Amino acid sequence: MRGIFQPPRFDDEEQTRIARIQHLLLLLCLAIALSASVINALLGRSIPTIALLASSGVVCIALILLYTRRLHLSIIVLLSLFIALTASLQFIGRGAHDTVTSLYATVIVIGSLLLNRRAFIAMVAVILLVIAGIVTAETYGWTRSPYDGEPGDWFDLALILGLTAFASRLLSESLQRSRALARKNAEALEAQAAALRASEERYRILAANLPDSAVLILDHDLRFVLADGPELAATGYSKEALEGRLLYEAIPASFAAQVEGNIRAVLSGKRFSAEIPYEDRIYYYHYVPLIDDSGRVKYAMILALNVTERRRAQAERERLIAELEQKNAELERFTYTVSHDLKSPLITIQGFLGYLERDLRAGNTERMQNDIQRIDAAVRKMERLLNDLLELSRIGRLSAAPQHVPFNEIVQEALELLAGRIAERQARISVAPDMPIVYGDRDRLVEIVQNLVDNALKFCDNQRAPDIEIGVIKESSGSPIFFVRDNGIGIDPKYHEQIFGLFNKLDPRSEGTGVGLTIVRRIIEVHGGRIWVESAGAGAGATFYFSLPVAPVLIPEMSNAQSAPG
Amino acid sequence: MLRVLLVEDNDDHAELICRTLGEQRWALQIVHVNDGESALDYLHRRGAWVDPDQSPRPHVILLDLRLPRVDGLDVLTSIKQSADLRRIPVVVLTTSSAERDIIHAYDAHANSYLVKPFGFEEFRNLMHDVGVYWLTRNTVSPT
């Protein structure tokens with residue numbers, strides 16, 4: 001029901017506003033007209049009562065027109081009523097000199113608010129015409145006016161009302177313009193705000209989705225303006241825990257103090273990058289000052305990129321390259337050694353073959369014997385070298401699947417293989433009980449012990465019986481270190497590295513090709529362990545130490561001492 | 001008396017060298033040591049070679065490169081750095097024809113670099129040339 005007595009709404013905001021004013025005016029006029037007619041009726045004045053009731057009727061028509069959305073017609077009806085009423089009052093009153101004439105000014109002001117410019121000019125023209133009519137009527141004495149009308153009256157009134165119309169129209173139009181301007185500004189502001197929201201939304205999405213990154217933006221108070229990114233959670237902080245809070249409130253003081261200097265530097269306009277470890281990860285920080293249109297640093301942005309994986313891959317690559325280079329160098333040394341050591345017996349064979357021929361011609365049988373022996377020894381040496389090389393090359397490929405074996409079993413097996421030589425040298429061998437279980441290729445592990453014990457027997461001091469001790473040192477890091485200790489001739493510290501080299505022999509006349517320790521080291525390295533010797537020098541005996549894994553470790557073919565413990 | 005210091009770890013090669021050099025009709029004295037340490041002991045007159053009468057300066061040193069204990073290149077370096085020894089000609093005589101060995105040897109001021117050849121005649125010819133050149137043609141520095 002209430003809807004009926006509401007002014008209609010139009011698409012155009014301006015029209016809606018005018019309709020509201022018109023509605024108010026109509027209701028006001030209706031109320032005044034009705035109450036005035038009641039008062040006049042009570043006073044027994046019939047003509048004014050009728051006139052007021054008629055006016056009320058016209059106002060009602062204007063209201064109905066308004067409710068049926070005929071806004072302009074409604075305004076014209078109301079203003080016409082005003083003009084007609086004023087003219088009637090002038091006619092029955094004192095003509096152009098009557099005070100009601102000033103009502104025209106009111107009509108003009110209302111008209112200037114409600115009408116468009118053309119209708120307004122038309123209305124003012126109508127008013128001036130009506131006044132002209134009144135002045136004419138007064139001049140001819142058709143009114144009850146006691147004054148004599150004259151054209152000057154019309155000019156005066158036309159001037160006053162014209163000026164009023166001009167001024168009120170000017171005011172009304174400037175009011176309209178300001179309102180339009182304000183509306184446009186408001187619209188522009190709203191559009192700007194929307195654009196800003198969209199932009200912020202976009203950069204938030206960007207920040208939240210940068211892979212492996214966290215984005216932090218701080219203002220000059222060191223307050224987090226933005227904190228986002230997939231990596232943020234990994235650091236134990238959340239967007240909510242940081243945004244809007246001060247640096248020293250949000251994160252522990254020690255950490256805050258660590259980063260404050262950098263943030264202040266960014267806020268002073270510096271732009272830089274730094275790699276900083278955090279817990280078990282490595283972050284690459286980009287520090288970027290955010291500068292506003294006037295060129296001042298407004299915020300400090302920190303873009304933290306988790307580069308742990310990248311660095312790890314890089315380190316791994318560098319390690320592999322170093323390993324490859326080392327292997328390459330090793331291979332080159334190997335080829336060099338092999339070519340040298342294989343060439344030597346060939347030169348010997350050819351040399352003594354030549355002499356054999358000469359000695360044969362000369363009939364020197366004694367020398368011939370020597371030549372043949374030399375040739376024979378060289379051929380045997382060549383065969384041994386080839387066998388050793390073959391053996392060495394096989395180590396890289398484990399002969400059997402690795403297994404857990406008690407180290408005592410390995411020692412036992414090795415000693416059984418050497419039983420003849422041990423007895424021959426009358427060596428005393430003591431083995432520690434309950435040594436750890438190791439993990440590896442059983443036959444190769446036996447080979448290690450066999451070679452080391454064999455070496456100890458070979459380089460014993462002829463003055464006393466060999467005394468060989470096999471045991472273990474428990475390393476704090478968990479990996480056991482085994483040892484084979486002898487009381488033999490010892491090794492000068494300057495040769496401690498050399499003895500492991502391929503075909504390297506300290507005594508050229510000793511038996512063997514000089515491959516034994518090379519094989520031992522290779523086996524241990526393939527198992528991920530390492531070997532070294534300790535000896536005070538000549539006559540002091542020697543102790544060979546080596547580590548072996550107790551559980552499966554990654555032992556690729558390319559493994560080297562880096563994976564060894566200790 | 002023409003003196004040669006032969007530094008050679010391979011006894012067979014040492015005998016071949018001694019025999020081929022000995023075929024000439026020179027009054028020849030060859031001192032054979034079989035590792036680098038002994039060579040330096042002889043030259044610096046240490047250990048078993050303290051007595052200068054027992055270790056006269058050789059007219060030429062025949063030096064193998066791959067030696068036990070002290071490597072041939074280290075022996076060469078030590079000789080060439082010693083004011084007493086550096087004028088003694090050092091002829092490197094080795095199985096190695098590796099480029100880096102040749103470069104390192106000359107860098108260490110070797111006087112000659114010879115690769116032990118395959119074949120009896122080649123070996124004999126080379127040793128004959130070495131003997132003729134370094135023992136009879138070459139003038140040694142006055143001590």
Side-chain angles (χ1 to χ4, degrees), chain A residues 329 332-360 362 364 367 370-382 385 491-499 501-510 512-514 538, chain B residues 6-23 32-41 47 64-74 78 92-105 114-128:
Chain A
E332 203 192 320
R333 266 200 310 280
F334 179 80
T335 319
Y336 168 80
T337 309
V338 167
S339 72
H340 176 276
D341 284 75
L342 290 181
K343 243 182 192 174
S344 288
L346 291 177
I347 290 168
T348 304
I349 291 164
Q350 290 212 311
F352 282 100
L353 271 177
Y355 275 117
L356 184 63
E357 207 183 324
R358 296 183 140 221
D359 294 337
L360 187 67
N364 189 341
R367 285 260 288 259
N370 175 45
D371 299 336
I372 291 168
Q373 267 170 16
R374 296 269 185 182
I375 293 167
D376 185 57
V379 171
R380 281 177 203 284
K381 170 124 194 243
M382 189 94 183
L385 283 172
I491 304 157
D492 193 310
K494 61 184 167 192
Y495 306 126
H496 283 184
E497 186 49 38
Q498 234 184 67
I499 53 168
L502 179 61
F503 299 144
N504 277 351
K505 292 165 70 176
L506 294 184
D507 177 5
R509 295 208 172 87
S510 66
T513 59
Chain B
L6 174 61
V7 189
E8 171 62 77
D9 67 322
N10 186 316
D11 284 344
D12 298 331
H13 290 194
E15 187 174 336
L16 280 174
I17 292 162
C18 289
R19 267 169 88 164
T20 43
L21 277 178
E23 282 177 24
H32 171 217
V33 291
N34 54 23
D35 64 60
E37 210 167 69
S38 308
L40 290 176
D41 282 352
D64 193 6
L65 283 189
R66 222 181 111 80
L67 294 170
R69 293 167 186 271
V70 180
D71 187 66
L73 279 174
D74 294 334
S78 171
V92 172
L93 184 59
T94 175
T95 50
S96 168
S97 52
E99 225 171 77
R100 60 164 188 193
D101 277 344
I102 300 169
I103 290 167
H104 286 160
L114 301 171
V115 179
K116 291 174 187 167
F118 284 115
F120 177 63
E121 287 306 323
E122 288 83 346
F123 200 93
R124 261 182 84 226
N125 289 341
L126 180 76
M127 292 322 296
H128 174 257

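In the text below, chain A, chain B and the rest are named by the order of the sequence lines, each starting its count at 1. Please read these numbers as outputs of a predicted model, since none were measured by experiment.
Only the side chain of B:E23 comes within contact range of chain A, with heavy atoms under 4.5 Å apart. Heavy-atom distances place the side chain of B:D101, and not its backbone, under 4.5 Å from chain A. Heavy atoms of B:T20 lying under 4.5 Å from chain A belong to its backbone as well as its side chain. Only the side chain of B:E37 comes within contact range of chain A, judged by heavy atoms closer than 4.5 Å.
A:Q350 has its side chain out of reach of B:F123: every pair of non-hydrogen atoms, C-beta onward, lies at least 4.5 Å apart. By the 4.5 Å heavy-atom criterion applied to side chains, A:N370 and B:E15 are counted as neighbours.
Annotation: cation-pi geometry not satisfied between A:R358 and B:F120 (NZ/CZ under 6.0 angstrom from ring centroid, within 45° of ring axis).
Heavy atoms from other residues, nucleotides or ligands lying under 6.0 Å from CZ of B:R100 number more than 12. Other residues, nucleotides and ligands contribute only 12 or fewer heavy atoms inside 6.0 Å of the CD atom of B:E99.
Taking NE2 of A:H340 as the reference point, atom CG of B:L65 lies at 7.5 Å (rounded to 0.5 Å). Note that NZ of B:K116 is 12.5 Å distant from CG of A:L346, once rounded to the nearest 0.5 Å.
Under 4.0 Å is where a charged nitrogen must lie from a carboxylate oxygen, and between A:D359 and B:R19 at least one such pair does.
Between B:L16 and A:I347, the shortest heavy-atom distance links the atoms CD1-O, 3.8 Å.
Ranked by heavy-atom pairs under 4.5 Å with chain B, the first of A:G351, A:A378, A:P345 is A:G351. Heavy-atom pairs under 4.5 Å with chain A were tallied for B:E122, B:E121, B:R124; the largest tally goes to B:R124.
None of B:D12, B:N10, B:D9 except one satisfies the side-chain contact (heavy atoms from CB on, under 4.5 Å) rule with A:S344; the exception is B:N10.
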